[in-house]
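Take a look at the structure set out below.
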Amino acid sequence: MPSEKESISFEKSNMTLDLSDTKIDNDSKSDSNGVKDFIVTPWEVAGDIDYSKLIEKFGTYTISDTLLEKIKYFTGEIHPFLKNKYFFSHRDLDVVLDEYKRGNKFYLYTGRGPSGPVHLGHLMPWLFTKYLQEKFDVKLIFQLTDDEKFLFNSNLDMKTIQKYTYENIIDIISIGFDPKRTKIIVDTKHIKYLYPLSIEIAKKITYSTAKAVFGFSNSSNIGMIGFPPVQGAPCFLPSIIENKPTPVLIPAAIDQDPYWRVTRDIAEKLGYPKPAQIHSKFIPGLSSGGKMSSSKPETALFTVDDPEILETKIKNTFTGGQPTVALQRKLGGNANICPVYWYLNYLFDTEKESQERYSDCTSGNLLCGECKSDMIKNVKPFIKDIQTKRDKAQNLIKDFMIDGKEFFEDGSVGFK
Ligand code: TYM
């Protein structure tokens, strides 16, 4: 751990994986008709995801109505992301809430692998994390795994990753987290905070487990094999900071779950609470199937896109509509496979508006152009607001960094 002088205090403001090489295909199967099943790993998300099956496959738990009521007890409401089941699965969320009721506050922990600009999908867990931070009045560790992106992606060099790291930090700050209760860790810059914990974790995980969970093979570079404990370490850092066993809750999409599975397995052996999770679904890409991903820029809506680019991307997006207006009127569209329907459902429509949109679409009363136009009307001001906040965020960086130091676009830290 850092020396006493460098110890981490949230009170003081001075505290202060597109991994084209690793196509883990262990979830990929075909049924008797040759229809390909879906794949969800930290490095690849493809196919039509059946989220109920995924819960079974990963051994996680559905967020039940009873659990929603338990959350409401503290928040006074049910957040739209919970109401519309965008956050749909969890591990030990009930345990964390029970501890909270007893006065044992949890830490939030989330992150980003800086492989490109931030898109709408990344923003979803962060917006929800910010909400949880405010409602529960808790601290947050935000990890940027620049090492992960370097090791797992043969197309990315460190210079490019450093630029994205800086840009992504600006986005994270723009979300509006509380600087007094949020600390950002960039792995290659702040590894001293994580390394002692990483090696404790690494020592307890065999290669055989890592291979089974992450799909490593003889051609995986050895940096990849050593990486998972680095993403596991922030799960235990709060216990070190607080000097007592401290629960951690991780909001993220469900692709990150393999990391938590191995970390949970060894937590108690090391004397730390098992990290809890709340898992979201994925924001689809602007084409058919798969998730929105920085590695397919034409199918993603980025926080740095100009309004005209956003408009063009949305106008060109795949929808669940029929090839002609006449057919759409006659047969109706398929809202279930339509990214535009889901963006509006997850982010912008009220429950009632979304239900009306669904029935108007499927009955042929609504044309794709109308939904696209609603989407453009909503997305443009939403991204514009983030861009305005990005301009101001540049001055706040050192308030958020775990070492309280400046962070620059070229990856250097401290004063220039
Ligand atoms: P990364 O950079 O791939 O993704 C950052 C966060 O965004 C989620 N996500 C999505 N959510 C909805 N729709 C999408 N299309 C979509 N694409 C990505 C991810 O689940 C994640 O929550 N290894 C991690 C970085 C990391 C991390 C963490 C993430 C380090 N520690 C703790 C979550 C929690 C990564 O590369 O995330």
Side-chain angles (χ1 to χ4, degrees), residues 17-19 22 40-46 49 51 54 58 81 86-89 91 107-129 132 140-153 156 161 164-165 167-169 171-172 175 183-188 190 194 197-198 214 224 227-238 248-261 263 275-287 289-297 299-303 339 342-343 346-347:
L17 304 184
D18 247 61
L19 312 174
T22 314
V40 176
T41 75
W43 306 289
E44 189 181 8
V45 175
I49 301 162
Y51 287 103
L54 200 56
F58 281 9
F81 288 175
Y86 181 70
F87 277 86
F88 72 108
S89 151
R91 290 182 197 272
Y107 268 54
L108 291 161
Y109 161 40
T110 197
R112 162 77 180 133
S115 59
V118 162
H119 61 59
L120 211 58
H122 302 130
L123 293 178
M124 304 290 282
W126 305 347
L127 292 169
F128 192 59
T129 303
L132 294 175
L140 162 68
I141 304 274
F142 204 116
Q143 181 183 37
L144 282 109
T145 50
D146 54 346
D147 48 350
E148 178 193 19
K149 294 296 146 174
F150 178 70
L151 291 165
F152 284 79
N153 195 327
L156 281 176
I161 293 170
Y164 287 136
T165 304
E167 288 296 330
N168 291 182
I169 288 172
D171 283 298
I172 292 158
I175 297 289
K183 293 303 157 206
I184 295 178
I185 297 178
V186 177
D187 286 350
T188 62
H190 307 123
L194 302 181
L197 283 167
S198 302
F214 297 101
M224 289 159 73
F227 172 74
V230 177
Q231 183 155 329
C235 297
F236 305 145
L237 190 58
V248 165
L249 174 64
I250 309 170
I254 196 158
D255 58 335
Q256 300 298 309
D257 189 68
Y259 286 113
W260 321 132
R261 234 177 288 155
T263 312
Q277 288 91 52
I278 179 158
H279 303 114
S280 79
K281 299 176 181 171
F282 301 101
I283 287 281
L286 295 166
S287 58
K291 66 159 190 165
M292 187 173 280
S293 164
S294 316
S295 62
K296 293 185 204 139
T299 72
L301 299 170
F302 294 114
T303 58
W342 287 113
Y343 298 138
Y346 290 147
L347 262 172

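In each ligand, atom 1 is the first atom listed, and ligand 1 is the first ligand listed. From a predicted model like this one, the values you see are computed outputs, not experimental measurements.
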Q: Report, in ascending order of atom number, the atoms of ligand 1 lying under 4.0 Å from any heavy atom of T145.
A: 23 (N), 25 (C), 30 (C)

Q: Applying side-chain contact (heavy atoms from CB on, under 4.5 Å) between S89 and each of D257, I278, I254, report the one that passes.
A: I254

Q. Do side-chain atoms of T188 reach the backbone of D147 as a donor and acceptor pair under 3.5 angstrom?
A. no

Q. Does any N or O atom in A252 lie less than 3.5 angstrom from one in ligand 1, N or O only?
A. no

(Q) Just checking Y109 against W260, ring centres under 6.0 Å apart? (A) yes

Q) Are Y346 and F81 an aromatic pair by the rule of ring centers under 6.0 Å? A) no

Q) Looking only at distance, does A253 have an N or O less than 3.5 Å from an N or O of ligand 1? A) yes

Q) Regarding Q256 and Q277, is there a side-chain donor-to-acceptor distance under 3.5 Å anywhere? A) no

Q. Within the side chain of D146, is there an N or O that forms a donor-acceptor pair under 3.5 Å with the backbone of T165?
A. no

Q. Can you find an N or O of I254 that's nearer than 3.5 Å to an N or O of ligand 1?
A. no

Q) Would you say the side-chain atoms of T303 and D171 include a donor-acceptor pair closer than 3.5 Å? A) yes

Q | Contacting atoms of ligand 1, where contact means under 4.0 angstrom from a heavy atom of D255 | A | 19 (C), 20 (O)

**Q.** Ligand-residue contact atoms, ligand 1 with I250, heavy atoms, under 4.0 Å
**A.** 34 (C)

Q.
Checking contacts here: is it the side chain or the backbone of W260 that comes within 4.0 Å of ligand 1, counting heavy atoms only? Could be both or neither.
A. side chain

Q. Would K281 count as a cation-pi partner of Y51, with NZ or CZ less than 6.0 Å from the six-membered ring centre and within 45° of the ring normal?
A. yes

**Q.** All ring-ring contact (aromatic ring centres under 6.0 Å, His included) counterparts of F236, not counting sequence neighbours
**A.** Y272

(Q) Applying a heavy-atom cut-off of 4.0 Å, say which part of Y86 lies close to ligand 1: side chain, backbone, both or neither. (A) side chain

Q.
Do D187 and T145 pair up side chain to side chain, a donor and an acceptor below 3.5 Å, judged on atom types alone?
A. no

Q.
Under 4.0 Å from a heavy atom of K149: which atoms of ligand 1 are those, numbered in the order shown and with their elements?
A. 36 (O)

**Q.** Per atom 34 (C) of ligand 1, closest listed option by heavy atom (S295, G111, P234, S280)
**A.** G111

Q. So is T110 polar-close to ligand 1, meaning N/O to N/O under 3.5 Å?
A. no

**Q.** Identity of the nearest option to atom 30 (C) of ligand 1, non-hydrogen atoms only, from M124, Q143, H279
**A.** Q143

(Q) Taking 4.0 angstrom as the limit and counting only heavy atoms of K281, give me the atoms of ligand 1 inside it, by number and element. (A) 12 (C)

(Q) Tell me the nearest of Y109, Y164, W126 to atom 31 (N) of ligand 1, using heavy-atom distances. (A) Y109

Q. Of all the atoms in ligand 1, which lie at a distance below 4.0 Å from a heavy atom belonging to P125?
A. 7 (O), 22 (O)

Q.
With heavy-atom distances below 4.0 Å as the criterion, list the atoms of ligand 1 near H122.
A. 4 (O), 5 (C), 7 (O), 18 (C)

Q) Regarding R112 and the six-membered ring of F142, is the cationic atom NZ or CZ under 6.0 Å from the ring centre and inside 45° of its axis? A) no

Q | Contacting atoms of ligand 1, where contact means under 4.0 angstrom from a heavy atom of F282 | A | 12 (C), 13 (N)

